[in-house]
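Let me begin by presenting the structure, written as C-alpha cells, before commenting on it.
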Amino acid sequence: MPEGHTVHRLARVITELFRGSAPIASSPQGRFAGGAALISGRMCAGAEAYGKQLFVAFESADPLFMQVHLGLYGSWTFAGDGTVAVSHAIGAPRKRVGEKDTNLPAGVAFPPPPRGQVRVRLLGQHAVADLTGPAVCKVITDAERQAVIARLGPDPIRPDADPRRFFAAIDRRSTPIAVALMDQSVIAGVGNIYRAESLFRAGLDPHTPSRKVAAARVLALWSDLVETMRRGAATGTIVTTHDRDSAGGPFYVYRRQGLPCLVCGNAVRAEELAGRKLYWCPSCQRG
DNA sequence: CCTCTATGATAAA
DNA sequence: TTATCCTAGAGGT
C-alpha cells in the first residue's frame, strides 16, 4: 500500500486542485453513488492526512468529510485540462514509484473518460481526480472523523505529532517491535517498507519484544521515521539507503530476501509475521 | 484462462 | 490464525 507519505501527498494535491471550488462528485462504478450525491456541488475546504487516513472536507450546515483509506491497492489518478499542473497517479505502487506532472496531450478532450473501476470522480473546472480500489470510502461527520483520528497513534509526518504517545505505546506492548510498528494505534502511517527499513537503520532485531527496546533506541527510531517519512512525503518516493549505500537500491532489506545485505554481505531473510512479510538482516539487526 | 502478488485492515473462528 | 474485501498487473497454462 501507499504508506503515510503517499497519503500526505494526496492531501496536498487534492487541496491544491479543489479547495475553494465545488467539484462535481460522481461514482462511475456505482458503488459510491449515495456518498457522491451527498458531497457533489459542495464547496471543498481542502484535504488532510492523518497516518494512512485521508479526509476531504466539504462545507455544509454540519461539515461533511469524505474518508478514504487506500488499503492495499487503492490509488488516485489525476488529470488536468492543461491550465494546471497535476500529479498523474498517486497510490498503488505497482506501475510507478514516483509521479510526474502530466496534463492531457493537446487535443484530448477534458475530462478524460474514467479508466477501470472508478469509485469516485471529483470533477472541477480544470482538473479531475479519480479514485479506484479504496478499502474505505465513505461520507462521515466531523465527530466520526475525530473518532477515527482518536484511534490513531502519532503520525511522524505531522508537525503536531506527540512522540510521547509513541514511547508510551511501545512501552506497553510485549509483541515484537516489528508488529508494534505496523499497529496504527501505536504509530500512524508506517507500513511494511518503513517498518522493515527503519528497524534495519536502527540495527534492531524485529523480534525483540516492544517494551524491551531501550528508551534511547525507541527515541532514535522515532527520529529516524520522522526524517525518512517526511522525505518520502516531500519526494513521493521511499529511499531509506544512506548515500554511501544508495548504489545498491532504495532499500536495505525490503523485498531483498536471499540477496546480500548492502552493509555486511550476509543474506537478507524474510518470514511471515502476523500476516505480513517481514524482511531483515540477522547480522546487522541484533539489538 | 488461471493463479499469484501487493507499501492494508478487519471480522470471524 | 484464517478468511475476506478492494483492484490491476504479471506470469503461467
Side-chain angles (χ1 to χ4, degrees), chain A residues 1-11 27-33 35 49-54 66-77 88-99 114-121 129-138 147-153 155-157 175-176 178-201 206 225 228-241 249-258 270-280:
Chain A
M1 147 187 180
E3 303 190 20
H5 69 299
T6 300
V7 185
H8 279 266
R9 290 178 70 77
L10 285 165
S27 181
Q29 171 207 55
R31 299 185 52 174
F32 188 63
Y50 207 121
K52 298 170 190 173
Q53 302 282 350
L54 176 71
M66 180 168 69
Q67 179 197 359
V68 175
H69 191 298
L70 293 176
L72 252 186
Y73 37 73
S75 75
W76 286 88
T77 302
H88 175 63
I90 308 181
R94 45 206 57 68
K95 270 178 93 169
R96 48 191 308 121
V97 175
E99 309 130 29
R115 306 255 287 199
Q117 296 289 310
V118 175
R119 186 79 59 86
V120 191
R121 161 165 282 201
D130 286 342
L131 171 65
T132 59
V136 174
C137 177
K138 56 183 177 181
V148 171
I149 293 171
R151 277 185 253 115
L152 298 172
D155 174 351
I157 297 177
T175 57
V179 172
L181 283 181
M182 293 285 278
D183 182 338
Q184 300 299 298
S185 70
V186 171
I187 182 169
V190 172
N192 208 13
I193 300 181
Y194 280 119
R195 154 269 308 244
E197 295 294 305
S198 64
L199 289 172
F200 178 91
R201 286 164 60 101
L225 282 164
T228 57
M229 292 180 73
R230 287 185 185 175
R231 190 167 64 232
T235 62
T237 310
I238 304 180
V239 176
T240 52
T241 41
F251 310 133
Y252 282 109
V253 291
Y254 177 73
R255 286 189 111 192
R256 297 196 72 247
Q257 71 269 38
E271 74 179 15
E272 195 91 2
L273 180 63
R276 303 301 297 279
K277 217 158 200 175
L278 169 71
Y279 305 88
W280 84 107

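To find a chain, count down the sequence lines: A is the first, B the second, and so on, and within it residues start at 1. These figures come from a predicted structure and were not determined experimentally. Atoms considered below: every heavy atom in the structure, side chains included; atoms not considered: hydrogens, waters and symmetry mates.
- With sequence neighbours excluded, the residues satisfying side chain to side chain contact (heavy atoms under 4.5 Å, CB included) with A:A49 are A:V7, A:H8, A:A11.
- Looking only at distances, no side-chain donor or acceptor of A:Q117 sits under 3.5 Å from a matching main-chain atom of A:T132.
- Going from the P atom of B:dC4 to that of C:dT2 covers 16 Å, rounded to whole Å.
- Candidate nucleotides C:dT7, B:dT5, B:dG8 were compared by shortest atom distance to the side chain of A:R119, and C:dT7 ranks first.
- Residues passing the side chain to side chain donor-acceptor pair (under 3.5 Å) test with A:Q67 are A:Q53, sequence neighbours excluded.
- As judged by a 4.0 angstrom heavy-atom cut-off over every strand, A:E197 is placed among residues making no nucleic acid contact.
- We find that CZ of A:R115 is positioned 12 Å from C1' of C:dA8, with the value rounded to whole Å.
- If you check every strand for non-hydrogen atoms under 4.0 Å, A:G275 touches nothing.
- If you take CZ of A:F32 and P of C:dT7, they are 14 Å apart, rounded to a whole angstrom.
- At least one donor-acceptor pair closer than 3.5 Å links the side chain of A:R256 to the backbone N or O of A:Y252.
- One interatomic measurement links the two molecules: CZ of A:R276 to P of B:dA6, which rounds to 9 Å at whole-angstrom precision.
- If you take atom P in B:dT10 and the same atom in C:dA8, they sit 23 Å apart, rounded to whole Å.
- For the pair A:H69 and B:dG8, the criterion of a side-chain N or O lying under 4.0 Å from OP1 or OP2 is not met.
- Comparing B:dG8, C:dT7, B:dA9 by their nearest atom to the side chain of A:Q184 picks out B:dA9.
- Distance from the side chain of A:L72 is smallest to B:dA6 among B:dA9, C:dT7, B:dA6.
- For A:E271 and C:dT1, the CD to P distance is 12 Å, given to the nearest whole Å.
- Ranking C:dT7, B:dA6, B:dG8 by closeness to the A:R31 side chain, first place goes to C:dT7.
- Here the P atom of nucleotide B:dG8 and the CG atom of A:D183 are 13 Å apart, to the nearest Å.
- The side chain of A:M182 lies closest to B:dG8, out of B:dT5, C:dT7, B:dG8.
- Taking atom CZ of A:R195 as the reference point, atom C1' of B:dA6 lies 14 Å away to the nearest angstrom.
- For A:L273 and C:dT2, the CG to C1' distance is 16 Å, given to the nearest whole Å.
- Counting only distance, with no hydrogens or angles, the side chain of A:K52 and the backbone of A:V190 share a donor-acceptor pair below 3.5 Å.
- With C:dT7, B:dG8, B:dA6 as the candidates, the nucleotide lying closest to the side chain of A:R255 is B:dA6.
- In this structure, A:Q67 atom CD and B:dT10 atom C1' are separated by 14 Å, rounded to whole Å.
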